[in-house]
2 protein chains.
Amino acid sequence: MKPSIKDVARLAGVSLGTVSKVLNNNPTVKPENRMKVLRAIAQLGYRPNPFARSLASNKTYMVSIFLPIMSSEFYAYLFEGIDDELSNAWYDSSIYPLFSKRRLVDYSNPNAFPYQSDGVLLVSLIPEKLFEGGHVPTKKPVVLVDACSKKYDSVYVDNVYGGYLAGKHLLEKRGEVFLISISEKGKPEFASGVFEQRRRGFEKALKEAGLALPNSHVFEIGESFPEAFTVAREILQRATLPVNIFAVCDTLAMGVVEAVKESGLTLGTDVRVVGFDDLKWSEKLGLTTVRQPIVEMGKKAATILLKRIVGDDSPRYEVRFKPKLIVRSSTGR
Amino acid sequence: MKPSIKDVARLAGVSLGTVSKVLNNNPTVKPENRMKVLRAIAQLGYRPNPFARSLASNKTYMVSIFLPIMSSEFYAYLFEGIDDELSNAWYDSSIYPLFSKRRLVDYSNPNAFPYQSDGVLLVSLIPEKLFEGGHVPTKKPVVLVDACSKKYDSVYVDNVYGGYLAGKHLLEKRGEVFLISISEKGKPEFASGVFEQRRRGFEKALKEAGLALPNSHVFEIGESFPEAFTVAREILQRATLPVNIFAVCDTLAMGVVEAVKESGLTLGTDVRVVGFDDLKWSEKLGLTTVRQPIVEMGKKAATILLKRIVGDDSPRYEVRFKPKLIVRSSTGR
DNA sequence: AGTAATGAATGAAACGTTTCATTCAAAATT
DNA sequence: AATTTTGAATGAAACGTTTCATTCATTACT
């Protein structure tokens, strides 16, 4: 039989109410008792029954996560941060991928299932583009991650600056400059604009050096590895070496790296590549990249959402993380 | 205040227990009373409180849906069918996209969150490839959709036959034959094999006509529109007209259609295309395609899962739908 | 030292269902 | 007509929490 709050109370030698207080971070419990309770919880492997909590408190202890459907590792990291923070507060999360506009229409109804939760995390999504009227159809707290809106709490990385860092770095090298970006034209509702921002920063760096980025040096593709591979192959065929490429995310950069391998050219001298994200395998690949603190962003967003859920009504939070350039062998040593 | 079961009971003039029986499809309630209760439910807009149900019954009234992350419309339709059926039984669903191997590892733990639900729907996924030991790590019922395994209830479409239909149809036309398929090589765990099956059927049709499909006529790409577009452009440039193309899903076929438009050639005479799925816009596009009953598949799978949840222990269900060729202008009239 | 104010802990009631032993009514059997 | 069986409906108990009015113990103030 799974342990209940009663078992915890008995083992800790306190009352039901005290255990409940500990679970809910109520400050009116003596540190000594709190410790006893936490020890008992750990010892029994106790986890509160979410249904009982919900029934009694009329809260759900659930947060809904909306995200555009993209298969990037990025989300795996982001969720790691989010889930970590939520589970500390004994919360759970439910994911709602926006497969299609149809699904989006469903979620324009304030009674839709995802809004039964205590709060909503909007990932890489912008309410103004997503919903008519420009706001999420719920009274529950909403926090944006990897996106920014003036009307909502927002946690994101300074993408413009990140692009700028990439540009600055590549300009130290000899050779022509190319950009491989992701097009969000086909699905304006689901566009977060981050790739556009990275491009702006990149172009700013060029402009400061008195350079411009001709259209022929810009490639806008889907978010997949094979597309980047194909496009990179094309660049390598027609450009004069050396070539410097900024890919707006590491998945694309990886496609470029593979194309370089295939071509027999040397990465870091003939062809230099800068990515964006710094995923797990980026280091192994020796990929120079703009690192964003993905896990940390997830944590921060979850923290803010939890605060709002328990009633924090301070003015809008806006947390902008600074990305950092990580130099590796893909741009020489 | 939201109506509770008490309000329903009062309005219907029966006891609490009777209403509960109706909610749970217990047959020991007189049709007359059942009607009264259902009327009261409709009149009040009553929905059972899932938390209370769960607490009392030790069930969750939730099913978990696992799926590989792909952004196809296909899933939107499938969920339509699934959700429709589930909501009839007052059940809800939760989606767990398999973003990464990391996530898959989490789900190899029988205590992972998704297994807290009453049952699992595995979409386009094969347990043998997914999990060590070849089975889903839970005692709860599991049903596969858009995939088939000898160990689990399976609901799917006869993809081999579908490919065969496409092949037969294209062979009635003059000209060379090409195949654009989706490569699942990069992620063997998440491969469902459907595209491979469609290809097999397609090749079978060719073989019956004494033809073979040379490697140079096969293109394996990612699942995105732009990739198909690029590949189709390539085919159109180097092949001699007329050209007959089978794309293993409508998203890819759409890429081909766009490439044809761009090239100035005529769809249906210079270039003929057959897709697979029959999505909403396929008809508008005049796309000849192999229709699979997606919504119906979703419904069927949900129905079986619900039966299993309430204790049905009949031998393994295997439901194979027959796909159907829908001829439109993309292959001439 | 006596009283008031504060800080913590308590435990009973409530949350909205399911479940199941019990009751009641009707039908079937003797 | 009396008895047994069957079919439905009932309502109290249970599920595991939160909440909150109350109590108890301590500290601070006259």
Side-chain angles (χ1 to χ4, degrees), chain A residues 1-41 44-62 89-92 116 118 306 309-311, chain B residues 1-41 44-62 89-92 116 118 306 309-311:
Chain A
M1 208 50 209
K2 266 177 66 170
S4 84
I5 201 173
K6 269 185 198 163
D7 304 307
V8 175
R10 194 176 320 122
L11 181 58
V14 300
S15 73
L16 284 193
T18 304
V19 177
S20 180
K21 280 182 181 176
V22 171
L23 292 177
N24 293 286
N25 288 314
N26 185 320
T28 76
V29 41
K30 270 207 292 224
E32 182 197 331
N33 280 339
R34 174 182 302 278
M35 276 314 298
K36 276 201 237 166
V37 170
L38 288 176
R39 248 199 309 273
I41 287 177
L44 293 171
Y46 166 82
R47 301 228 45 185
N49 177 324
F51 305 113
R53 304 187 86 185
S54 301
L55 178 56
S57 67
N58 200 29
K59 293 191 211 164
T60 67
Y61 295 92
M62 264 282 175
W90 310 99
Y91 266 71
D92 280 311
Q116 314 282 315
D118 294 340
L306 288 172
I309 287 175
V310 297
Chain B
M1 207 52 207
K2 267 177 66 171
S4 84
I5 201 173
K6 269 186 200 162
D7 304 308
V8 176
R10 193 177 321 121
L11 181 59
V14 299
S15 72
L16 287 193
T18 304
V19 177
S20 180
K21 279 183 180 175
V22 171
L23 292 176
N24 293 285
N25 288 314
N26 185 320
T28 75
V29 42
K30 270 208 292 227
E32 182 196 332
N33 280 340
R34 172 182 303 279
M35 277 314 299
K36 275 201 241 166
V37 170
L38 289 177
R39 248 199 308 273
I41 287 176
L44 293 172
Y46 166 81
R47 301 230 46 185
N49 177 323
F51 304 114
R53 303 187 86 184
S54 301
L55 179 58
S57 67
N58 201 29
K59 293 191 211 162
T60 66
Y61 295 92
M62 264 280 172
W90 311 98
Y91 265 71
D92 281 308
Q116 313 283 314
D118 294 341
L306 287 172
I309 286 175
V310 297

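Numbered from 1 within each chain, the chains take letters A, B, ... in sequence-line order. Because the structure is predicted, anything quoted here is derived from the model rather than measured.
Between the side chain of D92(A) and the backbone N or O of M62(A) there is no donor-acceptor pair closer than 3.5 Å. The backbone N or O of P50(B) lies less than 3.5 Å from a partner atom in the side chain of S54(B), making a donor-acceptor pair. Side-chain atoms of N26(A) come within 3.5 Å of backbone N or O of T28(A) as a donor-acceptor pair.
Both G13(B) and S57(B) sit near DNA chain D, but only G13(B) has its closest nucleotide nearer the 5' end. Mapping L55(B) and P31(B) onto DNA chain D by nearest heavy atom places P31(B) at the nucleotide closer to the 5' end.
Within 4.0 Å of S4(A), counting heavy atoms only, lie sugar-phosphate atoms of the nucleic acid but no base atom. Using a 4.0 Å heavy-atom cutoff across all strands shown, K21(A) reaches at least one base atom of the nucleic acid. Residue contacts for S20(A): at a heavy-atom cut-off of 4.0 Å it reaches a base atom on one of the strands shown. Among the atoms of the strands shown, none is found under 4.0 Å from any heavy atom of N58(B).
The minimum heavy-atom distance linking A40(B) with A12(B) is given by the pair CB-CB, 4.0 Å. Scanning all heavy atoms of the two residues, the minimum distance from P48(A) to R53(A) falls at CB-CD, 3.8 Å.
Along DNA chain D, the stretch of nucleotides lying under 4.0 Å from any heavy atom of chain B spans, 5' to 3', dA8(D) to dG16(D).
Only one option out of L38(B), V37(B), I41(B) pairs with L23(B) in a side chain to side chain contact (heavy atoms under 4.5 Å, CB included); it is I41(B).
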